[in-house]
Number of protein chains: 2
Amino acid sequence: MLSLLRARGGRATASRRILLEVLFDSHDHRSVEELAAAVQSRAPDVHLSTIYRNLEELEELGVIAHTHLGHGPATYQLATSAHAHLLCERCGRRYEAPAELFAGLARAARQRYGFTIDPRHFAILGRCAECA
Amino acid sequence: MLSLLRARGGRATASRRILLEVLFDSHDHRSVEELAAAVQSRAPDVHLSTIYRNLEELEELGVIAHTHLGHGPATYQLATSAHAHLLCERCGRRYEAPAELFAGLARAARQRYGFTIDPRHFAILGRCAECA
DNA sequence: TCTCTTATCGAGAGTGAGTCGCAATTGGGT
DNA sequence: ACCCAATTGCGACTCACTCTCGATAAGAGA
Ligand SMILES: [Zn+2]
Ligand SMILES: [Zn+2]
Ligand SMILES: [Zn+2]
Ligand SMILES: [Zn+2]
């Protein structure tokens with residue numbers, strides 16, 4: 001993965017290694033603030049702006065992806081563990097939605113508009129059973 | 001609609017009338033910046049913070065709704081004209097998606113999680129035919 | 001119509017999340 | 001080991017809101 005970086009003229013710096021390690025360790029969506037705390041516990045001098053830049057770079061590389069679960073800050077995770085979400089806009093309860101839930105929508109969007117959906121970027125809001 | 005406001009102890013002020021008029025006139029999603037420009041062309045002294053507060057109030061009343069089409073600022077429209085969107089994350093092309101496109105997802109989410117989706121709040125990202 | 005209560009307003013400061021510019025510091029190809 | 005572009009630390013900055021506060025005015029009641 002680091003050599004993938006180098007192949008594009010990028011460099012495998014300490015802050016990038018650590019950031020990747022942190023992302024591998026935490027198999028969940030992490031806000032930039034959380035990632036920064038984890039990285040800085042191992043290398044205190046890594047600046048927040050460096051984390052932002054590295055996240056951007058790794059995302060361009062296709063290694064990681066970000067997701068918006070509601071109104072708060074974006075969250076990041078490994079691209080391989082990205083998935084869609086259902087989020088209750090009342091209580092905040094969250095469900096991780098497998099891709100087949102979106103099969104119907106994907107087919108309809110393609111037939112009607114030639115559009116290929118990627119439902120992982122923004123959560124689908126709504127109401128959970130309790131809040132409906 | 002203004003009497004609906006008054007019924008809840010609210011007041012029908014000039015800035016609210018104008019804001020509602022602007023929203024009725026523009027049958028489309030409008031950013032707060034655009035709404036502010038339109039309101040201020042009729043009443044220059046209306047402050048941006050007043051527009052934000054009025055939008056919040058009218059939204060609580062259920063009269064209007066906001067939508068996120070991508071990474072930019074939120075957009076507002078009359079609640080009656082709210083609908084879902086497909087947005088190409090490459091070129092920005094936008095499709096307005098009728099509710100029946102989401103019928104399958106709505107059914108699956110309800111069966112599996114008891115979750116009632118409201119797909120109008122966040123757009124579904126993806127790739128249009130040209131960009132796929 | 002006058003009064004009074006209090007919702008709303010204008011103005012401006014503050015916040016959270018992310019971006020930018022720049023000089024100093026590397027990584028890594030040769 | 002040398003060189004130079006990629007990367008970093010740092011702070012200033014932007015954007016989209018959000019809050020505070022004293023002044024104003026809507027509208028219920030007299
Ligand atoms: Zn995003
Ligand atoms: Zn809920
Ligand atoms: Zn929203
Ligand atoms: Zn496109």
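All chains are named by letter (A, B, ...) in the order of the sequence lines, taking the proteins before the strands, and each is independently numbered beginning at 1. Worth saying up front: this structure is predicted, and the values here are computed from it rather than measured.
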If Ile, Leu, Val, Met, Phe, Trp and Tyr residues are connected whenever their side-chain heavy atoms lie under 4.5 Å apart, and connections chain through other members, are A/L20 and A/V22 in the same group? yes
Verify the contact: side-chain N or O of A/Y52 to OP1 or OP2 of C/dT19, cut-off strictly under 4.0 Å; return yes or no. no
To the nearest 0.5 Å, what is the distance between CG (B/D28) and OH (B/Y76)? 16.0 Å
Assuming nearest nucleotide by heavy-atom distance, tell me which of A/R16 and B/P73 is located more 5' along DNA chain D. A/R16
Can I get a per-line list of side-chain donor-acceptor pairs under 3.5 Å for residues 48-55 of chain B, giving both atom names and the distance, sequence neighbours left out?
unit_1, atom_1, unit_2, atom_2, d
B/S49, OG, B/H47, ND1, 3.1
B/S49, OG, B/R53, NH2, 3.4
B/T50, OG1, B/R53, NH2, 3.4
B/N54, OD1, B/R16, NE, 2.9
B/N54, ND2, B/S15, OG, 3.0

CG of B/L48 versus P of C/dC9: gap in Å, rounded? 13 Å
Considering only heavy atoms, which members of residues 36-44 of chain B lie under 4.0 Å from some atom of DNA chain D? none
Give the rounded distance in Å between these two atoms: NE2 of B/H71 and C1' of C/dG18. 11 Å
Holding to salt bridge (charged side-chain N to carboxylate O under 4.0 Å, His left out), I want the full list of residues that pass it with A/E96, two or more places apart in sequence or in another chain. none
Letter by letter from the 5' end, nucleotides 21-30 of chain C scores (B base, S sugar-phosphate only, - none; protein heavy atoms under 4.0 Å) B----BBS--
Nearest whole Å is fine: how far is C/dA7 P from B/L2 CG? 18 Å
Given atom CG of B/L5 and atom C1' of C/dT8, what is their separation to the nearest angstrom? 11 Å
Between which nucleotides of DNA chain D, 5' to 3', does chain A make heavy-atom contacts below 4.0 Å? D/dA5 to D/dG11
Applying a 4.0 Å non-hydrogen cut-off, can you work out what A/G9 is touching in the nucleic acid: base, sugar-phosphate, or nothing? sugar-phosphate
Could you tell me whether A/H29 and A/H85 have their ring centroids closer than 6.0 angstrom? yes
Contacts to DNA chain C from residues 62-70 of chain B, heavy-atom cutoff under 4.0 Å, which residues? none
